[in-house]
Amino acid sequence: MMQYLHQSTYGHAGGFHTAKPMLAMDTGHIYDIKNGRPDVNNPIYRVDGSRVYKTAFHPDGASPHALFEIRGDKVHTTMHHPEHNPSAHTFEIKPHP
């Protein structure tokens, strides 16, 4: 089942997330969303357990180090991410947009 990653910096109105999802996640990959749909032909990240790595489809190329870590329904940066913040999460995972 496709899940969607929303930026954690946007507010919630009436308990519902107000921003559109930034990325989509399914079967071990994370995809960019283009024209309102996941670009499933070009996964920009791969998910290995709870760790997330850039693939060759990422604009910066593949990465040997995990940039993100998934903890429950939150996605946190790792020390290998240029904007690493250990006290906050970057994305929230939701089941649908």
Side-chain angles (χ1 to χ4, degrees):
M1 173 167 66
M2 191 72 69
Q3 295 179 300
Y4 295 88
L5 282 70
H6 294 265
Q7 285 184 314
S8 61
T9 56
Y10 286 97
H12 296 269
F16 294 99
H17 206 286
T18 58
K20 291 184 179 179
M22 297 293 297
L23 302 165
M25 179 172 65
D26 191 24
T27 54
H29 291 98
I30 296 177
Y31 308 95
D32 197 6
I33 294 182
K34 295 184 178 183
N35 299 321
R37 301 182 62 99
D39 183 9
V40 296
N41 294 318
N42 299 304
I44 58 173
Y45 296 103
R46 72 176 170 85
V47 180
D48 185 6
S50 64
R51 308 294 247 165
V52 179
Y53 302 82
K54 290 188 292 185
T55 70
F57 293 109
H58 191 281
D60 296 334
S63 167
H65 303 289
L67 292 182
F68 300 101
E69 181 179 19
I70 299 171
R71 296 185 215 153
D73 65 345
K74 309 278 190 274
V75 180
H76 298 261
T77 58
T78 69
M79 65 181 192
H80 299 289
H81 192 282
E83 296 175 22
H84 176 55
N85 180 352
S87 64
H89 61 280
T90 302
F91 296 105
E92 294 181 16
I93 301 171
K94 306 283 183 182
H96 54 78

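Since we're looking at a predicted model, the values are computed, not measured. The chain is numbered in sequence order, starting from 1.
Rounding to the nearest 0.5 Å places CZ of F57 at 8.5 Å from NE2 of H29. Note that the CG atom of D26 and the OH atom of Y4 stand 8.5 Å from one another [nearest 0.5 Å]. The CD atom of Q7 sits 9.0 Å away from the CG atom of L23 when rounded to the nearest 0.5 Å. Summarising the geometry, atom OG1 belonging to T90 is positioned 11.5 Å from atom CD belonging to E69; distances are rounded to the nearest 0.5 Å.
The two residues P38 and M2 make their nearest non-hydrogen contact at CG-CE, 4.1 Å.
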If you look only at distance, which donor and acceptor atoms sit under 3.5 Å apart when one is on a side chain in residues 73-87 and the other is two or more places apart or in another chain?
unit_1	atom_1	unit_2	atom_2	d
H76	ND1	A88	O	3.4
T77	OG1	H84	ND1	3.0
T77	OG1	N85	N	3.1
T78	OG1	A66	O	2.5
T78	OG1	L67	O	3.4
T78	OG1	H80	N	3.2
H81	ND1	E83	N	2.9
H84	ND1	T77	O	3.2
H84	ND1	T78	O	3.0
N85	OD1	S87	N	3.1
N85	OD1	S87	OG	2.8

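T55 places no side-chain N or O within donor-acceptor distance of the main-chain N or O of R46, the cut-off being under 3.5 Å.
The same ILVMFWY cluster, assembled from side-chain heavy atoms under 4.5 Å apart, contains both I70 and I44. Both V47 and Y45 belong to a single network of hydrophobic side chains, linked directly or stepwise wherever heavy atoms of I, L, V, M, F, W or Y lie under 4.5 Å apart. A single hydrophobic cluster is seen to contain both I93 and M22, as judged by linkage of ILVMFWY side chains at heavy-atom distances under 4.5 Å, directly or through other members.
Contacts of N42 classified as side chain to side chain donor-acceptor pair (under 3.5 Å), with partners at least two apart in sequence or in another chain: D39.
By the 4.5 Å heavy-atom criterion applied to side chains, K20 and I33 are not counted as neighbours.
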